Amino acid sequence: ASSTAEATDQGPAEELRLGYFANVTHAPALVGLQEGLLQDALGDTKLSTEVFNAGPAAIEALSAGAIDATYIGPNPSINTFIQSRGESARIVAGAATGGAALVVRDGITSARDLEGKTLATPQLGNTQDVALRGWLKAQGFQTDTSGGGDVTITPTENAQTFQLFKDGQLDGAWLPEPWVSRLVVDAGAKVLVDEADEWPDGEFPTTVLLVRKEFLDQHPETVSKLLAGHEASVKWIADNAGTAASVINAQIAADTGKPLADAVIARALEHVTYSVDPHADTFSTLVENGVAAGTQKEGSIEGLFDLRLLNAQLATSGGTKISAAGLGEE
Amino acid sequence: MRADTTASADDLRSLEAGLDNLQTTTDAGAGRFRTFWSSVLPPVIFVVLLIAAWQLYIVIADPRPDKAPSPADVLGALTYAWDTGRLQEAVLTSLERGILGFVIAIIIGTPIGLLLAEVRPIRRAVGPIISGLQVLPSVAWVPAAIIWFGLTDATAYFVILMGAIPSIVNGLISGVDQVPPQLRRVGTVLGASKWQLATSVILPAALPGYFAGLKQGWAFSWRSLMAAEIITSGGTIGFGLGTMLQQTRDLADLAGVLATIVVILGIGILIELAFFGPIERRMLRGRGLLLSGGTR
Amino acid sequence: MRADTTASADDLRSLEAGLDNLQTTTDAGAGRFRTFWSSVLPPVIFVVLLIAAWQLYIVIADPRPDKAPSPADVLGALTYAWDTGRLQEAVLTSLERGILGFVIAIIIGTPIGLLLAEVRPIRRAVGPIISGLQVLPSVAWVPAAIIWFGLTDATAYFVILMGAIPSIVNGLISGVDQVPPQLRRVGTVLGASKWQLATSVILPAALPGYFAGLKQGWAFSWRSLMAAEIITSGGTIGFGLGTMLQQTRDLADLAGVLATIVVILGIGILIELAFFGPIERRMLRGRGLLLSGGTR
Amino acid sequence: MTTARIDSPAPALSTAPAVRIDGVSKRFGAGPVVLDDISLDFAPGEFVCLLGASGCGKSTLLNLIAGLDRPTAGRIETPAEGSAVMFQESALMPWLSARKNVELALRLRGVPRARRRDEALGLLDTVNLADAADKRPHELSGGMRQRVALARALAQDRPVLLMDEPFAALDAITRDLLHEELERVWRTTGRTIVFVTHNVREAARLGQRVVLLGSRPGRVVNEWRIERTEGRRIESPEVAALSVEITDELRKEIRRNAR
Amino acid sequence: MTTARIDSPAPALSTAPAVRIDGVSKRFGAGPVVLDDISLDFAPGEFVCLLGASGCGKSTLLNLIAGLDRPTAGRIETPAEGSAVMFQESALMPWLSARKNVELALRLRGVPRARRRDEALGLLDTVNLADAADKRPHELSGGMRQRVALARALAQDRPVLLMDEPFAALDAITRDLLHEELERVWRTTGRTIVFVTHNVREAARLGQRVVLLGSRPGRVVNEWRIERTEGRRIESPEVAALSVEITDELRKEIRRNAR
Ligand SMILES: Nc1ncnc2c1ncn2[C@@H]1O[C@H](COP(=O)(O)OP(=O)(O)OP(=O)(O)O)[C@@H](O)[C@H]1O
Ligand SMILES: Nc1ncnc2c1ncn2[C@@H]1O[C@H](COP(=O)(O)OP(=O)(O)OP(=O)(O)O)[C@@H](O)[C@H]1O
Ligand SMILES: [Mg+2]
Ligand SMILES: [Mg+2]
């Protein structure tokens with residue numbers, strides 16, 4: 001584990017390759033690109049981007065060295081950190097919190113009604129998948145990762161889930177935005193559980209900014225600039241609540257060829273909060289939930305966070321220092 | 001000189017017996033056990049060496065475990081999957097699907113093959129299409145099948161059928177084609193009716209080709225199934241080996257991925273060795289088509 | 001009666017000439033054109049009938065167009081993909097990858113095959129492993145390859161190589177095995193050195209088997225590539241036919257899916273017909289291994 | 001011996017011929033004429049050898065007699081029961097033992113199941129193969145296989161036995177033995193045998209009558225009758241003398257095709 | 001004719017033998033003894049036929065002489081240049097034309113490229129195949145293929161020619177012709193020829209000397225020398241007489257193996 005000796009600072013990188021999803025929960029990336037905030041902050045470093053549909057693909061790209069940083073959910077971040085024994089990546093900032101919910105079809109009004117039903121999640125072991133498994137367990141249901149148990153959980157790609165739900169082949173799904181809103185607005189689904197209700201203060205991480213460890217070691221200056229752009233984006237969203245929806249939608253349309261319906265994006269934005277705080281204190285719970293759900297190997301996430309650059313950034317801009325909750329550098 | 005010109009019947013008998021003895025050598029299949037060892041041992045040693053080299057690399061280079069897990073990690077992933085029961089479930093589900101799909105493919109493919117082999121005009125028209133379908137990767141059917149059948153088992157079965165049926169049909173056709181015309185003529189000369197000709201001569205004679213087609217059909221079934229399971233994970237589709245592969249990938253669990261690959265490979269080899277191998281060897285040996293010994 | 005007992009040399013010459021004439025029949029390959037038509041026309045008619053039946057079904061049953069598009073819809077999807085340039089791009093990308101991967105597989109597989117064919121101990125140890133790898137669906141490598149190489153072209157190439165190399169190696173081995181031992185002995189008797197024996201006798205004699213291996217290797221390359229492209233769509237991986245298939249599926253565009261399947265099938269048949277077919281036929285005909293006529 | 005030998009040089013016209021070939025011609029599709037106006041009568045119990053160079057149409061003529069093909073012109077009359085045929089390759093079913101191969105012929109002839117086994121063993125014994133009854137064809141030598149094929153042909157119990165170069169693929173020692181075997185069978189069963197070969201000595205050794213066919217098109221060129229057929233061996237001087245005569249004629253025919 | 005014929009019944013002991021086989025035995029692995037203490041001398045220019053039943057070890061002995069295998073015991077002396085070999089199957093390279101097949105032998109002998117073509121055509125002409133020089137093996141009849149194989153063997157230009165049943169797979173007419181062809185070649189080139197066969201008449205027709213091998217184990221059983229070898233044909237009475245004698249001896253050998 002020590003063979004990859006501490007790489008030294010090599011100054012600013014020529015290029016930063018950034019990954020993100022064309023999703024409302026990744027709005028800081030979308031806005032940063034659409035408004036040019038990220039490139040402005042990076043200066044001479046060229047920004048190139050890559051759009052992913054799911055966490056694993058982004059992690060694989062990061063591991064293979066095809067990208068340097070990516071917006072991603074907390075669980076895939078935990079996963080790669082544990083699998084690589086801390087050698088793959090670091091979380092350098094938070095991006096979004098909230099914006100996930102269990103939506104179900106008409107007629108299901110309580111947890112009791114879920115017995116024998118089939119629910120979807122975006123991906124085995126992703127943030128929502130773990131949340132659903134944890135929640136079901138708390139409700140006294142048995143589940144397992146191979147589709148057995150009292151409630152069947154079937155990890156299914158979001159677009160497919162939408163289709164299957166409309167066709168009546170699924171009874172519900174624990175999804176991130178904007179899919180919650182799409183199911184609610186376009187498919188008549190009802191929110192049974194808002195994930196925010198499951199966490200103290202209603203705050204839980206949905207998206208974080210993850211950087212390849214090697215890149216972080218070699219080009220801290222570039223990562224710093226990226227963080228500046230990221231912070232600017234988050235700030236921009238807070239400051240432009242009126243136009244944020246259309247800017248986000250413009251980038252989504254550019255990446256996927258299809259904008260979201262106005263009602264969908266409006267509803268989605270109501271449920272997501274954007275912040276640079278990764279809520280490090282919740283990560284131990286996330287790991288416990290993952291291990292309990294059987295989607296996570298046991299392992300230490302000590303060192304997952306490297307918030308030094310972010311805190312330095314915040315110090316200059318007058319923000320409050322963010323804690324790594326003992327899981328890394330501050 | 002003229003004395004023994006007309007060999008008496010007895011004389012002829014003893015001469016023929018002598019010649020028969022000289023011309024047939026009954027080499028006993030001794031050393032079967034030795035052949036077994038000499039054919040099984042070297043690859044086993046090779047695999048062990050390979051694993052040792054792998055372990056050595058891990059110890060010396062100490063690479064990131066999520067990019068290059070050690071043999072022990074893979075074994076651990078395997079036992080973990082076994083302990084949680086996921087492995088057993090995946091193997092059973094996949095085998096059940098594979099075998100059921102294969103059986104359906106046989107039931108559908110055999111009559112089609114017979115029809116094509118025996119009715120010229122149909123064969124001319126349909127034969128090239130079937131051969132063409134063999135060229136099409138059956139994985140290409142997966143997206144269409146998902147649209148038609150959703151993420152259900154029907155998709156898996158459809159893809160298996162599209163993969164296996166052309167092989168079985170073509171195997172039967174080439175089996176019938178390879179029936180020596182001499183045998184057909186003997187059948188006719190012996191006074192066989194059309195039906196007797198088919199059941200007593202052509203079908204048994206076509207068996208080796210048919211069986212080769214079945215074997216290939218199974219390989220295609222298994223391949224197609226894995227592809228279908230990987231691509232269609234989700235929905236109401238059951239949990240098979242392909243799904244397991246996809247899930248371990250999603251968890252960035254390379255040890256689990258490699259463990260699953262080992263299981264898929266193992267099942268492939270096992271079915272080949274334990275099912276098709278003995279049947280084929282018996283059939284070929286019964287017809288003298290198998291050279292004794294040999295490396296295969 | 002004793003007069004011509006000692007046939008003069010001239011006498012012998014004319015006798016032999018007569019016998020040679022009687023025993024060699026030079027049946028001209030006339031009617032090639034006719035064979036072409038009688039082998040191409042029936043399947044074409046069959047396909048046309050199939051399309052007509054499909055269209056008729058659409059007209060009569062009027063099913064949901066997203067579940068059963070009409071032939072015209074599929075044609076429309078095809079021309080649309082052509083007009084937007086996506087079709088050309090996908091075909092070119094996939095073909096480039098397939099061919100490049102196949103060439104790399106040949107370059108890697110050929111020396112391995114030669115080594116295994118000629119060096120007994122290595123063959124004993126490694127041969128069964130290579131055969132075993134042939135049983136493993138190469139699609140099973142996709143998840144591992146993605147973890148190693150991410151969603152890049154390297155993944156596609158890796159999967160192609162894992163699919164094609166075992167076929168090529170096994171083809172070469174079985175080609176060398178099928179070299180009649182008589183030919184080797186003739187080579188030795190003629191005084192060939194080890195090198196001359198290999199280049200002048202064994203390699204040319206093993207060519208048909210090797211070529212069959214190449215053909216199968218190509219089929220595996222193409223299959224594996226399609227599987228890899230479907231599964232790994234996204235990332236920096238180029239836009240190939242598999243990606244196109246996956247994208248049309250994501251758009252629930254069944255007409256587009258079917259159009260892409262038709263293109264994949266068409267390319268498979270084309271390469272078989274236009275590349276492997278003629279080379280193989282020429283090689284086999286040159287060795288008298290091809291029965292003139294016949295349906296294949 | 002219950003033979004029905006005809007020692008007179010001309011066939012006894014009082015009995016109807018077993019096979020009558022009357023002005024038979026044959027061409028395949030648009031190809032050249034293979035057989036041209038052939039007329040031959042084979043008397044019951046006669047042993048006829050058809051001799052000719054490669055491709056002269058011997059097999060074609062035999063197939064016509066066997067009813068496996070139809071002549072382009074002319075008529076062929078054969079016994080109603082049809083004829084048994086033996087080919088150059090034994091054409092045994094490779095998945096059946098020697099006995100089962102013979103039993104197949106019995107079954108297709110309609111012999112009831114209960115009697116088949118014994119009858120098959122009896123027939124295999126006539127060709128000295130009772131010991132090898134349970135062996136598969138690939139476990140038998142070439143000569144043994146042809147003897148099984150002979151037993152199978154006898155199992156058909158037809159008055160005419162057609163043989164298309166049955167011994168051509170055998171080694172010389174085995175062939176000589178099978179000549180003696182075949183002669184014995186012929187004498188004990190009294191079958192009409194039509195035997196195709198391009199071995200002049202074989203024809204002179206076996207036949208009561210040797211018919212030489214010319215090539216391109218196949219026509220009857222000449223015919224020889226042997227009066228004393230008992231006690232012949234392939235080295236016998238009378239066989240040698242006849243061979244020289246036939247060989248000369250045959251070589252003339254071959255030379256005709258030199259250009 | 002520049003022949004080196006030896007008409008005396010015993011080989012001229014004044015000249016050293018072309019091939020000397022001295023107490024040779026052979027067994028394969030742990031199998032039974034195939035050849036048992038065989039001693040034979042072949043004089044230069046001699047035409048020797050090795051005769052024996054199937055599996056008696058004829059091919060094994062020939063392979064030993066050719067140097068393709070080594071004896072278990074005993075010594076074999078052959079000319080330093082080695083020997084040319086012809087097999088039952090012509091074993092022509094199927095991808096090369098008749099001429100190229102012969103040229104391959106010339107190339108491997110070291111003949112410079114410029115001379116190969118003419119020399120190959122000349123050799124093909126000796127076997128009357130100049131017209132078929134550009135045909136591939138599969139376009140040739142069996143007899144033509146064996147003649148190409150003969151031309152190829154001659155191209156090796158070795159003093160000894162070993163032939164393992166070269167004509168066994170041919171039809172009788174072709175075989176008779178090739179006997180005459182081979183005799184002509186022998187007389188014009190003066191090679192030492194060792195010819196393996198199980199056809200008694202073939203041996204009696206071709207050989208100056210016929211060596212009969214017994215079976216299990218292979219031993220020299222008897223030997224015949226023919227004094228007048230010119231003008232023989234396979235129907236000649238002297239060939240027939242010798243055949244009868246050899247056949248009787250051979251049959252005795254075979255009967256010995258009846259149980
Ligand atoms: N089914 C067929 N279609 C076309 N031509 C044929 C067919 N069968 C035979 N011939 C031709 O008819 C001629 C005679 O063939 P046949 O087999 O009867 O000769 P054969 O005398 O038996 O020769 P061999 O001694 O080589 O067996 C040959 O020129 C052959 O090419
Ligand atoms: N490579 C080998 N390994 C083991 N046994 C062998 C080998 N080659 C030949 N034999 C055995 O040696 C004996 C003699 O074989 P060989 O081929 O020399 O006989 P042959 O006289 O040439 O027979 P044929 O006339 O059938 O060609 C046979 O019993 C055969 O089984
Ligand atoms: Mg014939
Ligand atoms: Mg031999």
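All chains are named by letter (A, B, ...) in the order of the sequence lines, taking the proteins before the strands, and each is independently numbered beginning at 1. The structure presented is a predicted model; accordingly, all values stated were derived computationally and were not measured.
- In this structure, E/Ile173 and D/Gly52 approach most closely via the heavy-atom pair CD1-O, 4.2 Å.
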Let's go through D/Asp171 and E/Glu165 carefully: what are the C-alpha distance in whole Å and the side-chain angles of both, what is the deciding distance for side-chain contact (heavy atoms from CB on, under 4.5 Å) to 0.1 Å, and is it a yes or a no? CA-CA 10 Å; D/Asp171 68 89; E/Glu165 304 186 41; 5.8 Å; no
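- Here the side chains of D/Thr247 and E/Arg233 are in contact, with some heavy-atom distance below 4.5 Å.
- The part of D/Leu250 that comes within reach of chain E is its side chain, from C-beta onward, which places non-hydrogen atoms under 4.5 angstrom from that chain.
- Within the 4.5 angstrom heavy-atom criterion, no atom of E/Ser141 approaches chain D.
- Comment: D/Glu180 engages E/Arg251 in a salt bridge, judged by a side-chain N to carboxylate O separation of less than 4.0 angstrom.
- Comparing E/Asp176, E/Ile254, E/Thr174, E/Val200 by how many heavy-atom pairs each has under 4.5 Å with chain D, the most go to E/Asp176.
- Contact annotation for D/Thr197: neither backbone nor side-chain heavy atoms come within less than 4.5 Å of a heavy atom of chain E.
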